[in-house]
Q: 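Here you go, one structure.
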Amino acid sequence: MEEELQELAVALYDVEAVKFGEFTLQNGWKTPIYIDLRVIISYPKLMSKLSKSLWKLAKDTNYVSHICGVPYTALPIATIISVESNIPMLMKRKEAKSYGTKKLIEGKFEPGDKCVIIEDVIVIGASVLETVTDLRNSGLKVTDVFVIVDREQGGRKNLENNNIQVKSLFTITQLMKYLLKAGKVAQKTVDEVSDYISENKL
C-alpha cells in the first residue's frame, strides 16, 4: 500500500491536483497548499486508481447498504466505488427540488439502512456534516466517512465528535512526505506547510 500511495501522491502532483502558493479555503482560511481534486475527472485511469485505493480502507463492507458522495467533487469517486463494489449509491442534492418528488436524497433506501460517505478533502468537516445530517434526517444510519485527503485542521476531531469515524487515504503530512521523497517539493516547502497546519486548525 505504501508504494501505491507514493505513486498516487506523485500522480496527483503531476496533474496539478496539489498546488502551492497563496489560496483561500471555502471557510475563508488562507493556505499555502491547495488540494484541487476536481481535475481528476480529466484523468480516468487516475480517478479509477484513486477510487480503488480509497475503498481498500473499508475492511468490512458487509454492513454497508449504500454509498453517498459529498456533492460535487466526490460524486465521480463514489460512482466508481459503487460500480466496482456493487453497493447501491445515493445522491444528496444541494437543495431539494421544488418540483416533482421534491426529494433531497435520490436513490432507493429504507429507514435504518447504513450509508457510508465519500469525500475528497476535509478541512473542518462542514460539508460532510451537512451531508450526514440530511442522510440521518432521512432515516439512514451514517457512521463512517472515507476521505482522500485529511488536511489535519480539525475536521477529523469535529466529525468524530458527531459519531463519524474518519478513514483517510492521505493526511497533508503524509502527502508532503511522499512528494519530498519523490523530489517534487523541497524540504523548505514541507516545513512551511507543516508550520501552517500546526498554526491553523480548530
Q: Begin with the C-alpha distance, continue with both residues' side-chain angles, and end with the deciding distance and a verdict on side-chain contact (heavy atoms from CB on, under 4.5 Å) for V145 and V116.
A: CA-CA 6 Å; V145 57; V116 297; over 6 Å; no
Q: With the threshold set at 4.0 Å, does a side-chain nitrogen-carboxylate oxygen contact exist between E106 and R93?
A: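 A salt bridge links E106 with R93.
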Q: Kindly compute the distance separating CG (N200) from CG (D195), expressed to the nearest 0.5 Å.
A: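 The distance works out to 10.5 Å.
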Q: D36: which residues meet the salt bridge (Lys or Arg N to Asp or Glu O under 4.0 Å) condition with it, sequence neighbours left out?
A: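 With sequence neighbours excluded, D36 shows a salt bridge (Lys or Arg N to Asp or Glu O under 4.0 Å) to R38, given in chain and number order.
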Q: Looking at K19, I'd like to know if its NZ atom is crowded, meaning that more than 12 non-hydrogen atoms belonging to other residues, nucleotides or ligands lie closer than 6.0 Å.
A: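 More than 12 within 6.0 Å, yes.
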Q: For the pair N162 (side chain) and N158 (backbone), establish whether a donor and an acceptor sit closer than 3.5 Å, ignoring hydrogens and angles.
A: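 Flag set: sc N162 to bb N158 pair under 3.5 Å.
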Q: What is the minimum heavy-atom distance between A9 and Y178, and which atoms define it?
A: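 What the structure gives for the nearest pair is CB-CB, 3.6 Å.
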Q: Quick check for you: to the nearest 0.5 Å, what is the distance between K92 atom NZ and I117 atom CD1?
A: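 Between K92 NZ and I117 CD1, I get 9.5 Å after rounding to 0.5 Å.
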Q: Can you list everything that forms a salt bridge (Lys or Arg N to Asp or Glu O under 4.0 Å) with E4? Sequence neighbours excluded, please.
A: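 Here the qualifying residues are K56.
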Q: Are I87 and I80 linked, directly or through other ILVMFWY residues, by side chains that come within less than 4.5 angstrom of each other?
A: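 I87 clusters together with I80.
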Q: Could you see if L8 belongs to whatever hydrophobic cluster contains I41? Use Ile, Leu, Val, Met, Phe, Trp, Tyr and a side-chain cutoff under 4.5 Å.
A: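 In one cluster: yes.
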Q: Taking all non-hydrogen atoms of both residues into account, name the closest pair between S85 and I67 and its distance.
A: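 Heavy atoms only, the tightest pair is OG-CD1, 3.9 Å.
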Q: What is the minimum heavy-atom distance between L75 and P71, and which atoms define it?
A: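 Result for this residue pair: CG-CA, 4.2 Å.
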Q: May I ask whether V70 and L90 are part of the same hydrophobic cluster, defined by side-chain heavy atoms of I, L, V, M, F, W, Y residues being less than 4.5 angstrom apart, directly or through others?
A: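 Shared cluster, yes.
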Q: Please determine whether side-chain contact (heavy atoms from CB on, under 4.5 Å) holds for the pair F20 and T189, giving the CA-CA distance in whole Å, both sets of side-chain angles, and the decisive distance to 0.1 Å.
A: CA-CA 9 Å; F20 298 95; T189 304; 3.8 Å; yes
Q: CG of N86: more than 12 outside heavy atoms within 6.0 angstrom?
A: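 Not more than 12 within 6.0 Å, no.
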Q: Tell me the closest heavy-atom pair linking I122 and R156, and the distance in Å.
A: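 Scanning both residues, the minimum pair turns out to be CD1-N, 4.0 Å.
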Q: With the side chain counted from C-beta on, respond yes when N163 and T143 share a heavy-atom pair under 4.5 Å apart, and no when they do not.
A: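 The answer is no, as the side chains (C-beta and beyond) never meet within the 4.5 Å cut-off.
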Q: Determine yes or no for a side-chain-to-main-chain donor-acceptor pair under 3.5 angstrom, with D113 supplying the side chain and F109 the backbone.
A: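 No, D113 side chain to F109 backbone: no donor-acceptor pair under 3.5 Å.
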Q: Backbone N or O of L50 within a donor-acceptor pair of the S53 side chain at under 3.5 Å?
A: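 Answer holds: no.
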Q: In this structure, are over 12 heavy atoms from other groups packed under 6.0 Å from K49 atom NZ?
A: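 Check passes, neighbour count above 12.
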Q: Please determine if K167 and D144 form a salt bridge, counting it only when a charged side-chain N lies under 4.0 Å from a carboxylate O.
A: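 Salt bridge present between K167 and D144.
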Q: Could you report the tightest heavy-atom contact between S127 and Q26, atom names first, then the distance?
A: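 Heavy atoms of S127 and Q26 come nearest at OG-OE1, 3.9 Å.
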Q: Taking all atoms of both residues into account, what is the closest heavy-atom pair of W55 and I81, and its distance?
A: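 That closest heavy-atom pairing would be CD2-CG2, 3.5 Å.
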Q: Side chains of S51 and E84: donor-acceptor distance under 3.5 Å anywhere?
A: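 No, because no side-chain N or O of S51 sits under 3.5 Å from a partner of the opposite role on E84.
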Q: For atom CD of Q187, is the number of surrounding heavy atoms from other residues, nucleotides or ligands below 6.0 Å larger than 12?
A: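 It does: Q187 CD has more than 12 such atoms within range.
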Q: Do F170 and L159 share a hydrophobic cluster, counting only Ile, Leu, Val, Met, Phe, Trp and Tyr and linking them when any side-chain heavy atoms are less than 4.5 Å apart?
A: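 No, separate clusters.
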Q: Start with the C-alpha gap between V147 and L169, add the side-chain angles, then the distance that decides, and say whether side-chain contact (heavy atoms from CB on, under 4.5 Å) holds.
A: CA-CA 6 Å; V147 58; L169 204 54; over 6 Å; no
Q: Do M1 and L5 come within less than 4.5 Å of each other through their side chains, counting heavy atoms only?
A: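 Side chain of M1 against side chain of L5, heavy atoms only: contact under 4.5 Å found.
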Q: To the nearest 0.5 Å, what is the distance between CD1 on I40 and OG1 on T73?
A: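 I40 CD1 to T73 OG1: 8.5 Å, rounded to 0.5 Å.
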Q: Backbone N or O of I33 within a donor-acceptor pair of the T31 side chain at under 3.5 Å?
A: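 Here the side-chain-to-backbone pair exists.
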Q: Spell out, as yes or no, whether a donor-acceptor pair under 3.5 Å connects the side chain of K201 to the backbone of S198.
A: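 Not at all, since once roles are kept as given, no pair shorter than 3.5 Å links the two residues.
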Q: Answer yes or no: is there a side-chain heavy-atom contact under 4.5 Å between L140 and K114?
A: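 Of all side-chain heavy-atom pairs linking K114 with L140, none is under 4.5 Å.
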Q: Are the side chains of I197 and Q153 in touch, meaning some heavy atoms are under 4.5 Å apart?
A: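 They are in contact (side-chain heavy atoms under 4.5 Å apart), so the answer is yes.
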Q: Under the rule for ring pair (Phe, Tyr, Trp, His ring centres under 6.0 Å), what residues qualify as partners of F23, not counting sequence neighbours?
A: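 Residues passing ring pair (Phe, Tyr, Trp, His ring centres under 6.0 Å) with F23: Y34.
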Q: When clusters are formed by joining ILVMFWY residues with side-chain heavy atoms under 4.5 Å apart, either directly or through shared neighbours, do V83 and Y43 land in the same one?
A: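 No, V83 and Y43 fall in different hydrophobic clusters.
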Q: Using the side-chain contact (heavy atoms from CB on, under 4.5 Å) rule, take I35 and I148 through it: C-alpha gap first, then chi angles, then the decisive distance, then the call.
A: CA-CA 10 Å; I35 312 297; I148 295 171; over 6 Å; no
Q: Does one side chain, of K30 or T24, offer a donor that lies under 3.5 Å from an acceptor on the other?
A: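 Looking only at side-chain atoms, T24 and K30 do form a donor-acceptor pair, the distance falling under 3.5 Å.
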Q: Distance check, rounded to the nearest 0.5 Å: L37 atom CG versus D120 atom CG?
A: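 Rounded to the nearest 0.5 Å, the CG-CG separation comes out at 5.0 Å.
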Q: When you compare the side chain of M47 with that of P76, does any pair of heavy atoms fall below 4.5 Å?
A: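 When only atoms from C-beta onward are counted, M47 and P76 do touch, with a gap below 4.5 Å.
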Q: Quick check for you: to the nearest 0.5 Å, what is the distance between C115 atom SG and L135 atom CG?
A: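 So the gap between those two atoms works out to 5.0 Å.
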Q: Has T133 got a side-chain atom pairing as donor or acceptor with L129's backbone, closer than 3.5 angstrom?
A: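 It does hold such a pair.
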Q: Can a side-chain donor-acceptor contact be found between T171 and R151 if the only test is distance below 3.5 angstrom?
A: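 The answer is no; no qualifying pair exists.
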Q: When rounded to the nearest 0.5 angstrom, what distance separates CD in Q174 from CD in E152?
A: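 Rounded to the nearest 0.5 Å, the CD-CD separation comes to 7.0 Å.
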Q: Is V142 close to T131 at the side-chain level, that is, under 4.5 Å between some pair of heavy atoms?
A: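 When only atoms from C-beta onward are counted, V142 and T131 do not touch, as no gap falls below 4.5 Å.
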